[in-house]
Peer 1: 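Please see the structure below; I have some questions.
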Protein chains: 2
Amino acid sequence: MNEVVVLTPERILEATEDVLRRFGLAKATVVDVARALDVSHGSVYRHFPSKASLRQAVAKRWLDRANAPLAEIAEADGPAPERLDKWLRTMIEIKYSKVCEDPEMFRTYLALAQDACEVVKAHKELLVEQVAHIISDGVKQGVFEVADAKAAARAVFDATVRYHHPAHSDEWNDPAKPARIDALLALLLKGLEACKR
Amino acid sequence: MNEVVVLTPERILEATEDVLRRFGLAKATVVDVARALDVSHGSVYRHFPSKASLRQAVAKRWLDRANAPLAEIAEADGPAPERLDKWLRTMIEIKYSKVCEDPEMFRTYLALAQDACEVVKAHKELLVEQVAHIISDGVKQGVFEVADAKAAARAVFDATVRYHHPAHSDEWNDPAKPARIDALLALLLKGLEACKR
DNA sequence: TGACTAACAGATATTGAAATCTGTCAGCGA
DNA sequence: TCGCTGACAGATTTCAATATCTGTTAGTCA
């Protein structure tokens, strides 16, 4: 018993997330994180080379956790149009609920997204892959007519940027939002679909 | 001769634009504007109720001037798909050239766009009207198949937000940009088009 | 040896006093 | 009368001194 608690990257990330939520992005310092873990701040630098890398690691963890449901939809079976619709609506809903429920972490993510941060870019790339995967399925099923699935995925991702990029988050309370999303997604799906007659 | 130069709103706007370019949005003051016009700053307040309203008036003038070519395309004759394509590419090109050529005014516009400023919202509404007008033409020509032209216009506007909203301006140097725009516009036009076979 | 601390230099943030700005208005001069 | 000025109060910004933070490293302890 009386086990020695070791300092792991995971524990540091956990503590950093707490500190970020408590003090906010602007005020949170590495010293705060060290204090929360009851170690010297030098110890934190043994596991993360800089404050920026720590922040990015926290954001990555947060993004991966938040977007887990999307991977599932991308990998599922069933008709591609419904799945793409579901995937996009889920992404939009995730982002929206995070702004409301975890605003301080969202601000961190916004700050990182505004620098052209590697972590966020990589994550975005991953999401585009998922969309491309659904679209490829649609092509195989004969319901989508698309020359380049990856390019089409990027276009769909670009086209919905207003509803998932944090820079637009203050417009997400627009009462007309659901109707506008419906119109936008309908337009995009029609654009992908093979002409039926 | 020796004509008395009267202080008009127009002259104030002119001077304000100069001051904004010279000192930048953050540093420009009403006192600077007054100094440039060789009057007391109280005189400026005789024509504009606040610094904010002055800034907005400058932005409006700037936006109206910059976007003049768009109105022309919207009102022109000819097949709607080509016109819509041209209109969107022109808007994107205007925004891009302004970031490059007039960065300080662009920053002002960005700042205004980030507050939910009335002037910018009204201007956006005007642009959506223009798109709706082109789309209606397309419906009349039988080349577009759309239930609600206004809603479709909003969807098209939303879908291209990444390439005309100033919040994304630091991504406009992406070398893949032209290809991505091509893919996006093709997708949108296909989404609007009536099925031909 | 290897994880940690304590002390450090340079960079960044905070603070409070002083300067400047915004917006108002009584009054001047044409 | 009408357009402008100059002085003003309160809000905001600047500036420089001070404190805190970031990132490094020599050295401690188990």
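In what follows, every chain begins at residue 1, and chains take the letters A, B, ... in the order their sequences are listed.
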Peer 1: So do the side chains of Asp182(B) and Arg89(B) get within less than 4.5 Å of each other, counting heavy atoms only?
Peer 2: yes

Peer 1: List in chain and number order the residues that pass side chain to side chain contact (heavy atoms under 4.5 Å, CB included) with Ala176(A), two or more places apart in sequence or in another chain; answer none if no residue qualifies.
Peer 2: Asp174(A), Arg180(A)

Peer 1: Considering residues at least two apart in sequence or located in another chain, which fulfil the side chain to side chain contact (heavy atoms under 4.5 Å, CB included) criterion with Leu37(B)?
Peer 2: Leu7(B), Arg11(B), Ile12(B), Ala15(B), Val33(B), Val39(B)

Peer 1: Quick one: side chain to side chain contact (heavy atoms under 4.5 Å, CB included) partners of Ala183(B), sequence neighbours excluded?
Peer 2: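 Partners of Ala183(B) under the side chain to side chain contact (heavy atoms under 4.5 Å, CB included) test: Ala155(A).
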
Peer 1: Output the residues of residues 7-35 of chain B in contact with DNA chain D, where contact means a heavy atom of the residue under 4.0 Å from an atom of the strand; sort by number or write none.
Peer 2: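 When residues 7-35 of chain B is checked for heavy atoms under 4.0 Å from DNA chain D, the hits, listed by number, are Leu7(B).
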
Peer 1: Kindly calculate the angle separating the two end axes of the helix from dT1(C)-dA30(D) to dA30(C)-dT1(D), each obtained from five base pairs, and round it to 10 degrees.
Peer 2: 10°

Peer 1: Short of 4.0 Å, heavy atom to strand atom, which residues of residues 37-56 of chain B count as contacting DNA chain D?
Peer 2: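 By residue number: Val39(B), Ser40(B), Gly42(B), Ser43(B), Arg46(B), His47(B).
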
Peer 1: Sequence neighbours left out, what passes salt bridge (charged side-chain N to carboxylate O under 4.0 Å, His left out) with Lys140(A)? Give chain and number order.
Peer 2: Asp137(A)

Peer 1: Suppose clustering is done on Ile, Leu, Val, Met, Phe, Trp and Tyr with side-chain heavy atoms closer than 4.5 Å. Which residues sit in the same group as Val161(B)?
Peer 2: Val161(A)

Peer 1: Using 30° and 60° as the class boundaries, would you call the ring planes of His164(B) and Phe157(B) parallel, tilted or perpendicular?
Peer 2: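 Taking Phe157(B) first and then His164(B), their aromatic rings sit tilted (interplane angle of 30° to 60°).
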
Peer 1: Can you give me the N/O atom pairs linking the protein to nucleotides 16-18 of chain C at distances under 3.5 Å, or say none if there are none?
Peer 2:
none

Peer 1: May I ask you to decide if the ring planes of Phe106(B) and Trp62(B) are parallel, tilted or perpendicular, using 30° and 60° as cut-offs?
Peer 2: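 Taking Trp62(B) first and then Phe106(B), their aromatic rings stand perpendicular (interplane angle over 60°).
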
Peer 1: Residues two or more places apart in sequence or in another chain: which of them pass salt bridge (charged side-chain N to carboxylate O under 4.0 Å, His left out) with Glu14(A)?
Peer 2: Arg61(A)

Peer 1: Which atom pairs, one a donor and one an acceptor, fall under 3.5 Å between side chains of residues 117-126 of chain B and the rest of the protein, sequence neighbours left out?
Peer 2:
{"unit_1": "His123(B)", "atom_1": "NE2", "unit_2": "Asn67(B)", "atom_2": "ND2", "d": "3.4"}
{"unit_1": "Glu125(B)", "atom_1": "OE2", "unit_2": "Lys150(B)", "atom_2": "NZ", "d": "3.4"}

Peer 1: Between Asp18(B) and Arg22(B), is there a salt bridge with N-O shorter than 4.0 Å?
Peer 2: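 So Arg22(B) does not pair with Asp18(B) through a salt bridge.
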
Peer 1: Can you name the side chain to side chain contact (heavy atoms under 4.5 Å, CB included) partners of Ser136(A), sequence neighbours left out?
Peer 2: Ala149(A)

